[in-house]
Amino acid sequence: MTSDQATTVRELLAFYLEAGVDCALGDEPIDRLSTPDLARSDRPVATAAGIVPVAAVRQPPRQTATAAPRAGVAPPPDIAIESAREAARTAPSLEALRTLLESFDGCALKFTASRLVFADGNPQARLMFVGEAPGRDEDIAGLPFVGRSGQLLNRMIAAIGLKRSDVYIANVIPWRPPGNRTPTPQETQICLPFIRRQIELVNPDVLVTLGNPSTQTLLQTREGIKRIRGKWFDYDVGTRTIRAMATFHPAYLLRSPFDKRMAWLDLRAIARALEDGSTGR
Ligand code: URA
């Protein structure tokens with residue numbers, strides 16, 4: 001390679017990095033222009049619902065350089081959502097739910113992520129936090145909230161006299177979206193039955209949603225986080241309701257430190273709810 005070519009490659013890689021393309025999905029490059037459409041191959045697709053012939057599967061979403069499946073193809077969203085509901089319902093424990101997710105092929109994000117990011121902390125915790133989706137650091141570690149925003153979350157937890165190991169932490173989406181892109185509504189709907197079952201199994205006294213996506217998905221609201229944070233909700237798990245509150249996502253607080261004072265008010269309200277035992281358990 002000439003030094004001009006090396007410079008071009010370096011500049012291209014720098015451009016990719018800035019665009020969020022920061023991981024290689026395979027050892028060999030794939031020429032998408034000459035690769036036959038995956039949906040038209042005769043290869044069957046494994047889903048939690050069983051083996052589905054690809055001929056029965058609709059056209060998958062357009063693949064991009066960052067979203068190409070490493071292996072396997074997810075079924076269409078409606079089939080995946082149905083099999084996610086079916087599968088999540090049957091998980092009798094958190095361990096069973098994790099095992100189930102490990103073998104669930106219904107979400108295309110699984111094929112681009114390095115690993116499942118299931119949860120961290122204490123499964124018997126009275127306080128549970130739910131974020132949106134793992135980022136690069138979490139994808140490497142296999143644990144939620146271990147990067148910069150995770151460090152701030154640790155400090156937020158410490159501010160109310162608790163340790164990370166006292167609480168339970170998970171995400172709505174348990175696989176890193178490539179390049180940290182926003183999960184699609186379909187991906188969110190496919191993962192929703194699993195996080196709902198996870199909340200039900202942990203059965204915390206207080207559930208805290210971090211940021212807009214997790215709040216809007218779990219608390220079923222279209223209100224923005226600035227209007228809705230700090231208010232109590234009833235989160236219904238069927239057999240009981242759990243007190244739930246939305247607060248700012250730590251990644252947002254890193255960008256907007258002025259709003260930490262509002263997050264502090266939320267944390268104090270959460271600590272009071274845990275202390276006064278008015279959570280009904
Ligand atoms: N942001 C999230 O929403 N979740 C993580 O695990 C990390 C960053």
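Every number for a ligand or one of its atoms is a count from 1 in the order of the listing. When reading the values below, keep in mind they use all heavy atoms of this one structure, side chains included, and skip hydrogens, waters and symmetry mates. The structure presented is a predicted model; accordingly, all values stated were derived computationally and were not measured.
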Which pairs of donor and acceptor atoms, one on a side chain in residues 116-123, lie under 3.5 Å apart (sequence neighbours left out)?
| from | atom 1 | to | atom 2 | distance (Å) |
| --- | --- | --- | --- | --- |
| Asp120 | OD2 | Arg164 | NE | 3.0 |
| Asp120 | OD2 | Arg164 | NH2 | 3.0 |
| Asn122 | OD1 | Gln124 | N | 2.8 |

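- Under the ring-ring contact (aromatic ring centres under 6.0 Å, His included) criterion, the residue pairs touching residues 213-249 are Phe145-His249, Phe248-Tyr252, with sequence neighbours excluded.
- Near ligand 1, heavy-atom contacts under 4.0 Å come from Gly131, Glu132, Ala133, Pro134, Glu138, Pro144, Phe145, Ser149, Asn171, His249.
- Using a 4.5 Å heavy-atom cutoff, the side chains of Gln198 and Leu94 are in contact.
- Between Lys163 and Asp166 the shortest side-chain heavy-atom distance falls below 4.5 Å.
- Glu138 places a side-chain N or O within 3.5 Å of a backbone atom of Gly147 that can act as its donor or acceptor partner.
- Remark: Arg89 engages Glu86 in a salt bridge (Lys or Arg N to Asp or Glu O under 4.0 Å) (not counting sequence neighbours).
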